[in-house]
Amino acid sequence: MTEEWKNLQISVEDGVAILTINRPSKLNALDNDTLDELSEAVSECYVEEEIGVLILTGAGTKSFVAGADISMLAEQGVVDGRMNSLLGHDCMSLVEEGPKPVIAAVNGFALGGGLELALACDFRYASQNAVFGLPEVGLGIIPGYGGTQRLPRLVGTGVALEMILTGGKIDADEALRIGLVNRVLPQEELLGAATKTAQKILRNGPIAVQMAKEAVRRGTQMPLADGASLEADLFGMISSTEDMKEGMKAFLEKRKPEFRGE
Ligand code: COA
């Protein structure tokens with residue numbers, strides 16, 4: 001892994017990579033340099049064999065990511081506005097479509113691009129002080145990193161439109177109620193809980209985990225019959241793996257499986 005990042009910290013332990021967005025003086029707001037670093041780091045984690053699960057979080061206890069960097073957006077015209085959005089989309093799609101599970105550990109403000117980044121992750125845990133919102137319309141713009149697309153798909157059109165059109169903020173309990181996050185935890189337990197879940201995922205067959213993510217991620221973009229067909233293809237493909245043989249054999253021999261990702 002690259003050692004030197006300006007706005008990112010990475011630690012890897014027992015198969016889990018924790019990527020911490022680190023611009024605390026700007027509440028971890030995403031400028032294009034930070035987006036570039038995040039895309040690069042996520043790509044490196046995807047190819048690094050010893051990493052099985054990624055966790056994204058923000059530095060400090062106040063903010064996950066307080067949005068795209070407004071001082072950067074304030075300068076944009078039509079052409080670079082579109083480019084800023086596309087750069088964000090590239091990063092979000094990479095997180096969403098990559099082969100390995102990505103958990104968002106939302107440790108404070110997840111506003112604008114911060115909520116959009118959390119939405120691109122596979123699921124979200126939040127600290128009790130987390131605050132969620134897409135305040136863009138209040139700045140005279142619209143969400144530009146996928147918020148208008150991923151939020152309604154996750155929580156339903158009506159709830160998403162209320163958040164997007166009012167630009168209002170919701171707390172962690174409300175986020176839990178609408179299904180935006182899976183769990184709410186005290187700040188000091190957040191990373192531990194996300195790591196524990198990551199380790200639970202890591203005990204499963206790694207190829208199975210990757211294919212299951214692919215089936216859900218690609219399948220939910222398709223009509224049901226096409227998604228079912230994709231699932232059947234992947235199901236057939238996984239039947240050629242050593243991991244499948246090991247998983248079944250271990251069950252029949254009443255022992256824990258030793259998956260090798262083969
Ligand atoms: N882009 C750039 N800088 C940001 C930022 C963003 N999205 N969010 C916060 N910051 C900066 C502030 O400008 C401030 O910098 P400064 O100390 O150099 O002035 C610093 O982070 C601390 O923020 P501050 O506003 O003083 O903290 P607060 O606790 O009073 O308020 C927020 C926290 C999150 C409510 C407030 O910062 C905010 O509304 N941020 C913008 C959220 C947003 O609209 N995001 C969507 C952008 S498209």
Side-chain angles (χ1 to χ4, degrees), residues 5-9 19-39 56-96 104-121 124-155 159-175 178 180-181 184 187 190:
W5 303 97
K6 192 160 63 99
N7 296 325
L8 211 57
Q9 290 171 342
L19 282 67
T20 305
I21 296 150
N22 186 31
R23 276 187 94 205
S25 66
K26 298 292 171 192
L27 300 184
N28 307 321
L30 296 173
D31 60 3
N32 285 348
D33 286 349
T34 311
L35 270 179
D36 277 342
E37 285 194 354
L38 187 58
S39 294
L56 297 191
T57 194
T61 54
K62 185 171 173 182
S63 183
F64 173 67
V65 169
D69 191 308
I70 295 172
S71 54
M72 176 187 84
L73 301 182
E75 304 291 317
Q76 73 189 14
V78 176
V79 175
D80 47 352
R82 183 163 186 275
M83 288 313 296
N84 286 339
S85 176
L86 289 175
L87 199 68
H89 278 290
D90 284 350
C91 181
M92 306 302 136
S93 297
L94 187 71
V95 169
E96 181 174 69
V106 180
N107 56 309
F109 290 115
L111 300 174
L115 175 51
E116 290 169 304
L117 178 62
L119 285 166
C121 295
R124 290 144 290 279
Y125 288 180
S127 57
Q128 285 162 337
N129 66 327
V131 175
F132 300 83
L134 291 175
E136 282 87 347
V137 291
L139 296 163
I141 57 171
I142 66 168
Y145 294 172
T148 62
Q149 303 306 304
R150 291 192 180 90
L151 187 64
R153 282 167 168 80
L154 185 66
V155 302
V159 173
L161 273 171
E162 186 177 348
M163 284 179 70
I164 293 167
L165 300 182
T166 62
K169 300 181 179 69
I170 60 170
D171 65 15
D173 287 337
E174 180 65 358
I178 64 173
L180 178 52
V181 303
V184 177
Q187 176 80 242
L190 177 67

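We're numbering straight along the sequence, starting at 1. Atoms within a ligand are numbered from 1 in the order they appear, just like the ligands themselves. Keep in mind that this is a model prediction, so the values were computed, not measured.
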Worked check of side-chain hydrogen bond (donor to acceptor under 3.5 Å, both in side chains) between S127 and N129: CA-CA 5 Å; S127 57; N129 66 327; 2.5 Å; yes
From S25, A66, G67 - option closest to atom 43 (C) of ligand 1 by heavy atom: A66
Would you mind writing out the side-chain donor-acceptor pairs for residues 141-153 within the sub-3.5 Å range, not counting sequence neighbours?
residue	atom	partner	partner atom	Å
Q149	OE1	R153	NH1	3.3
R150	NE	E96	OE1	3.4
R150	NE	E96	OE2	2.8
R150	NH2	E96	OE1	3.1
R153	NH1	Q149	O	3.0

Steps toward salt bridge (Lys or Arg N to Asp or Glu O under 4.0 Å) verdict (K6, D33): CA-CA 9 Å; K6 192 160 63 99; D33 286 349; 3.6 Å; yes
Closest protein heavy atom to atom 23 (O) of ligand 1, given as residue, atom name and distance to 0.1 Å: L27 CD1, 3.6 Å
Q128 atom CD, over 12 foreign heavy atoms within 6.0 Å: yes
Ligand 1 contact by K62, heavy-atom criterion under 4.0 angstrom: yes
Nearest protein heavy atom under 4.0 Å from atom 30 (O) of ligand 1, yes or no: no
Taking every non-hydrogen atom, the tightest pair across L111 and K169: CD1-CE, 3.9 Å
Distance flag for atom 36 (C) of ligand 1, protein heavy atom under 4.0 Å: no
Atom 19 (O) of ligand 1 protein-contacted (non-hydrogen atom, under 4.0 angstrom): no
Residue-ligand contact L73/ligand 1, heavy atom below 4.0 Å: yes
For L139, the ligand 1 atoms whose distance to one of its heavy atoms is below 4.0 Å: 44 (O), 47 (C), 48 (S)
Atom 47 (C) of ligand 1 touched by protein (heavy atom, under 4.0 Å): yes
Test item: N22 and P24 side chains (from C-beta on) under 4.5 Å apart, heavy atoms: yes
Top protein contact for atom 15 (O) of ligand 1, by heavy-atom distance: K26 NZ, 3.5 Å
Side-chain donor or acceptor of N107 paired with backbone N/O of G58 under 3.5 Å: yes
Cationic N near anionic O, under 4.0 Å, D31 to R23: yes
Contact bool for atom 39 (O) of ligand 1 (protein heavy atom, d < 4.0 Å): no
Any side-chain heavy-atom pair of Y125 and V184 under 4.5 Å: no
Heteroatom proximity flag, I70 to ligand 1, N/O under 3.5 Å: yes
From CG (N32) to SG (C91), nearest 0.5 Å: 10.5 Å
Heteroatom proximity flag, L111 to ligand 1, N/O under 3.5 Å: no
Stepwise side chain to side chain contact (heavy atoms under 4.5 Å, CB included) test for L154 and R124: CA-CA 12 Å; L154 185 66; R124 290 144 290 279; 3.4 Å; yes
Under-4.0 Å protein heavy-atom contact, atom 25 (O) of ligand 1: no
Any F132 side-chain heavy atom under 4.5 Å of L180 side chain: yes
Nearest neighbour in protein (non-hydrogen) for atom 44 (O) of ligand 1: P135 CG, 3.4 Å
Ligand 1 to G112 polar contact by distance, N or O atoms, under 3.5 Å: no
Residue D69 vicinity, atoms of ligand 1 by number, heavy atom under 4.0 Å: 1 (N), 2 (C)
Protein heavy atom under 4.0 Å of atom 13 (O) of ligand 1: no
Any N/O pair K169/ligand 1 closer than 3.5 Å: no
S71, any N or O under 3.5 Å of ligand 1 N or O: no
